[in-house]
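In what follows, a single structure is set out as structure tokens and then discussed.
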Amino acid sequence: MSTQPPAAPRPAAQPGTALTGLTPGAPVAVVVTGDGLALASAAGSDWLATHDPATELARLDAEARPRWVWWSAREALAGVLAARPDLRLTRCWDLAAVHRLLHGGAADDPSQAWAAARGLDPATVPQPGRDDQLDLVFGAAAPATVDPGEPDDPDSPLQPDGHLRAGWAHGGWTGDPDRALTWARLALDAQQRQQQSIAEVGAGGDVLTTAWSESAAALLAEELAAGGLPVDVPEAERVVAGQVGPRPRDAAHAAELRRHRDQQVLRLVQGAGEVDLRSPQQVRTLLAGLGLDVPDTRSWRLERLREAHPVVTALLAWREADRYATTYGYRWLDEHVVAGRLRGRWSASDGGAGRMTAQAGLHSLPAALRTAVRAEPGHLLVRADLGQVEPRVLAAVSGDQGLARAAEEPDLYAPVAARLGVERAVAKIAVLAAMYGQTSGAAGQALAGMERGYPTAMRYLQAAHDAGRRGQPVRTYGGRLVRMWTLPGGDVAAPELSPAEQAAHRSAVAARGRFARNAVVQGSAAELFKAWAAVVRLRLAGLGGEVVLCLHDELLLQVPADRAQDAVRALHEGLGETAARWCRGPRVRFVADVAVVERWSDAKG
DNA sequence: TCGGTCACGTA
DNA sequence: CGTACGTGACCGAG
């Protein structure tokens, strides 16, 4: 098949050609529209008219076992999954997800992914909106790089300079089967180029496998957004009520309750009637009036002052309650819990190092609310978390044989303590300090032992640290490019800066080093976790279960009650398979702690 | 109305 | 001078 993208939409090919004679796993680009599916593969392309895309996709997935290629899982499937949250497609290639993996950064719209796949300068990607608006005023300007021998065809999805037209990158393919087919062919072309460029990425791990698992994670993110977390709403309201009382009748009642909560604190201090407890400045002034001088009013700092004045304890209780009045209260439940499911948007790799992110508070539910996360009738929750995942990941990515041997033990810190000749608690501090770049307190001297005991791992971390300080990007084990940010005054402090500015610059350089040091571990761990989640996701589909939450190193599943033990096995076996495929150097043991429960709170944290 | 800062929940 | 994220409040600049 030609690698040249089509210059203009072509008529639809003969029906049925795209999926004929394909081997399982062959890439098939799909574009979902309201009227049907546009399919493109090496075998040809098809328009498949349907108003039930979920059923068609499920059928084609089972029959042909393709690797679905889409610009993004969100573009292709968000609408489909909203209507059919139980749809489970097997394999995919997410152009946006792979683009972010290979090139870093947050921009992953089709025009960026296309430009990178074609080797075009991302800085010259046509901007949507701005140009269109200028065009309305001044008329369309000719592109600076236009080749006079190649007239600009406004129907083409591509500009003469090879970039995707802004309109196409932002939904211009809708409403017309021919345009949808063109959009699918472009996706297939971009997929081929992404896969070719993977071979050139220098990473410790298998980047192609990471492209697959990151794509699966992007699909899982859409499934999580559509499916949601099962919540026992009456129980959630009981937890909220325990902090802030019953649901207010109206705004005036809510204000009255709020004043009452405030008064429980303010009445303890003479003349504090007008102090706004939500203002850290005013709280600090209030405390200063009592002779309590604090640089800030963070709770860990106030915690030490409980004995100093009764208002401190009252304030800490107020803070906790205020959380339920604002962030995790009735409003939050009304807004995000529908039909017993807490739903939010998910991103598979939004974090700086590529962790999953979730909105609607899904990643920061207070522990007290875990009693309200409850399996639906006939089901159970299966909670699993990776034990000591970051030091085990460090062993794998750095290739440190000694640390890999330590990972053979269920408790990795025990053999580390033995090698360092220190208590287990000290060994743990040393390992964490090495990975996080902590140098203060007890960590400093513990680090010296790490340098002697695990020099390979420490060299790996130091290399990332140095790269980060210099402002150079680092790559995770799976190949994710993690970019550094530029410093306000450049990478080298100007000599004319004041001492304070010099110090600020040194601090900023150090922060970049710590970030990079942590990113290669945290980011690689995120990739291992997502690969595990992808394997578990597929095995669960066969059990009638679903992943309902991903929490960095923890998976929460809901499964039919009589399949819970099958799910437990799927978690353990899936982790073994994932680790075996993931480790290219010394084989590192990963362990999962698994519990079958009715409520999330029933599992130890 | 906006961005910065503070605070705090999770890993 | 341990990292990351999302959320909501205040506060000062515009």
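Every heavy atom of this structure was used, including side-chain atoms; hydrogens, water molecules and symmetry mates were not. All figures in this text were calculated on a predicted structure; none of them were measured in a lab. Throughout, protein chains are lettered first and strands after them, A, B, ... in sequence-line order, and every chain is numbered starting at 1.
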Spacing between [X] atom [atom1] and [N] atom [atom2], to the nearest angstrom:
X	N	atom1	atom2	result
A:Trp300	B:dC6	CH2	C1'	14 Å
A:Tyr436	C:dG2	OH	P	13 Å
A:Met356	B:dA11	CE	P	16 Å
A:Phe529	C:dA4	CZ	C1'	15 Å
A:Lys530	B:dA11	NZ	C1'	14 Å
A:Tyr324	B:dG9	OH	C1'	9 Å
A:Arg319	B:dG9	CZ	P	10 Å
A:Lys428	C:dG2	NZ	P	17 Å

| task | Name every residue in residues 506-520 of chain A that has at least one heavy atom under 4.0 Å from any atom of DNA chain C, in order of residue number, or write none if there are no such residues. | result | A:Arg514, A:Phe515, A:Asn518

| task | Check DNA chain C against residues 244-255 of chain A and give the residues with a non-hydrogen atom under 4.0 Å, in numerical order. | result | none

| query | Are there more than 12 heavy atoms of other residues, nucleotides or ligands under 6.0 Å from atom CZ of A:Arg345? | reply | no

| query | Above 12 or not: heavy atoms from other molecules or residues under 6.0 Å from CZ of A:Arg599? | reply | yes

| field | Minimum-distance nucleotide (side-chain atoms of A:Asp553 versus B:dA11, B:dT10, C:dT3) | value | B:dA11

| message | With ring-ring contact (aromatic ring centres under 6.0 Å, His included) as the rule and sequence neighbours excluded, what pairs involving residues 294-326 of chain A come up? | response | none

| task | Could you name each residue pair satisfying salt bridge (Lys or Arg N to Asp or Glu O under 4.0 Å) that touches residues 460-489 of chain A, not counting sequence neighbours? | result | A:Glu214-A:Arg480

| query | Looking at residues at least two apart in the chain, or sitting in another chain, which of them share a side chain to side chain donor-acceptor pair (under 3.5 Å) with A:Arg298? | reply | A:Asp296

| message | Test of understanding: with side chain to side chain donor-acceptor pair (under 3.5 Å), list the residues that count as partners of A:Asn518, not counting sequence neighbours. | response | A:Gln522

Using atom types as modelled, flag every donor-acceptor pair under 3.5 Å from a side chain in residues 347-355 of chain A to any protein atom, sequence neighbours excluded.
{"from": "A:Ser347", "atom 1": "OG", "to": "A:Ser349", "atom 2": "N", "distance (Å)": "3.4"}
{"from": "A:Ser347", "atom 1": "OG", "to": "A:Asp350", "atom 2": "N", "distance (Å)": "3.3"}
{"from": "A:Asp350", "atom 1": "OD1", "to": "A:Arg100", "atom 2": "NH2", "distance (Å)": "2.7"}

| request: Encode nucleotides 6-14 of chain C as B, S and - characters from 5' to 3', where the letter depends on protein heavy atoms closer than 4.0 Å: B to the base, S only to sugar-phosphate, - to neither. | output: SBSSSS---

| message | Just to verify, what does A:Ala78 make a side-chain contact (heavy atoms from CB on, under 4.5 Å) with, not counting sequence neighbours? | response | A:Arg74, A:Glu222

| message | Rounding to an integer number of angstrom, what distance separates B:dT5 and C:dC1 when you compare their P atoms? | response | 15 Å

| query | Looking across every strand, which nucleic acid part, if any, lies under 4.0 Å from A:Leu365 by heavy atom: base, sugar-phosphate, or nothing? | reply | sugar-phosphate

| message | Classify A:Arg355 by what it touches in the nucleic acid, base, sugar-phosphate, or nothing, heavy-atom distance under 4.0 Å. | response | base

| said: Quick one about A:Gln281 and A:Asp276 (side-chain donor to acceptor, distance below 3.5 Å, no hydrogens or angles considered), yes or no? | reply: no

| said: List the residues meeting salt bridge (Lys or Arg N to Asp or Glu O under 4.0 Å) with A:Glu423, not counting sequence neighbours, and say none if there are none. | reply: none

| said: Test of understanding: with salt bridge (Lys or Arg N to Asp or Glu O under 4.0 Å), list the residues that count as partners of A:Glu376, not counting sequence neighbours. | reply: A:Arg341

| field | Phosphate OP1/OP2 of B:dA7: any A:Thr297 side-chain N/O under 4.0 Å | value | yes

Check: residues 427-434 of chain A side-chain donor-acceptor pairs under 3.5 Å, at least two apart:
none

